[in-house]
Participant: 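The following block contains the structure, expressed as structure tokens.
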Amino acid sequence: RSSAAAGIRHVLLSTGCAQVWSPRVLRAGMGAHFNLVLHEDCDLVSAAHAFSGITLAAVPRAAESLYRSDLTGKVAFAFGNEGAGLSAALTAEVRREVSIPMPGGSESLNVAAAAAVCLFERVRQLAETRR
């Protein structure tokens, strides 16, 4: 739902993600599924390798802040689940790692919150460049 709201067109999901067309996920999506091109059971390592833009992994303790990163070009974000994070192979394939500053002392955000923050920071930066 956040992806659709942020104007994202394609969402790639690896094997093991929630079933995107299950009734529970459809209800949570509130119709956003129909504004996205959803790719299930993707080989995300191959997709990241083939992507011609910048691939960014959102991780809890990266040296680079999301807010200091240029997100105005062709960007693909990689988000892992809260328990396991990103696979070692996907982490090795991404070009940069970024983190969301959390001055409140929390260790991490859940993946939905982290994705929303990252996607809407990109929306903000794109709006700034259009001024």
Participant: Using every non-hydrogen atom in the two residues, find where Leu86 and Gly80 come nearest and quote the distance to one decimal.
Facilitator: CD2-N, 3.4 Å
Participant: Just how far is it from atom OG of Ser3 to atom CZ of Arg9, taken to the nearest 0.5 Å?
Facilitator: 12.5 Å
Participant: Nearest 0.5 Å please: distance from the OG1 atom of Thr72 over to the CZ atom of Arg124.
Facilitator: 11.0 Å
Participant: I need the Ser99 OG to Tyr67 OH distance, nearest 0.5 Å.
Facilitator: 9.5 Å
Participant: Would you say Gln19 has more than 12 foreign heavy atoms packed within less than 6.0 Å of its CD?
Facilitator: no
Participant: Measuring from atom CG of Leu66 to atom CD of Glu97, what distance do you get when rounded to the nearest 0.5 angstrom?
Facilitator: 13.5 Å
Participant: Under a 4.5 Å cut-off applied to non-hydrogen side-chain atoms, are Leu56 and Leu71 in contact?
Facilitator: yes
Participant: Can you give me the closest heavy-atom contact between Cys118 and Ile100, atom names plus distance?
Facilitator: SG-CD1, 4.0 Å
Participant: Calculate, to the nearest 0.5 Å, the distance between atoms CZ and CD belonging to Arg68 and Glu121 respectively.
Facilitator: 11.5 Å
Participant: Count I, L, V, M, F, W, Y as connected when their side-chain heavy atoms are under 4.5 Å apart, and connections chain through other members. Are Val94 and Leu44 then in the same cluster?
Facilitator: yes
Participant: Give me the atom names and distance for the closest heavy-atom approach of Arg95 to His49.
Facilitator: NH2-O, 4.3 Å
Participant: With under 30° as parallel and over 60° as perpendicular, where do the rings of Trp21 and Phe34 fit, or are they tilted in between?
Facilitator: tilted
Participant: So among Val20, Val25, Leu26, which one has a side chain to side chain contact (heavy atoms under 4.5 Å, CB included) with Ser22?
Facilitator: Val25
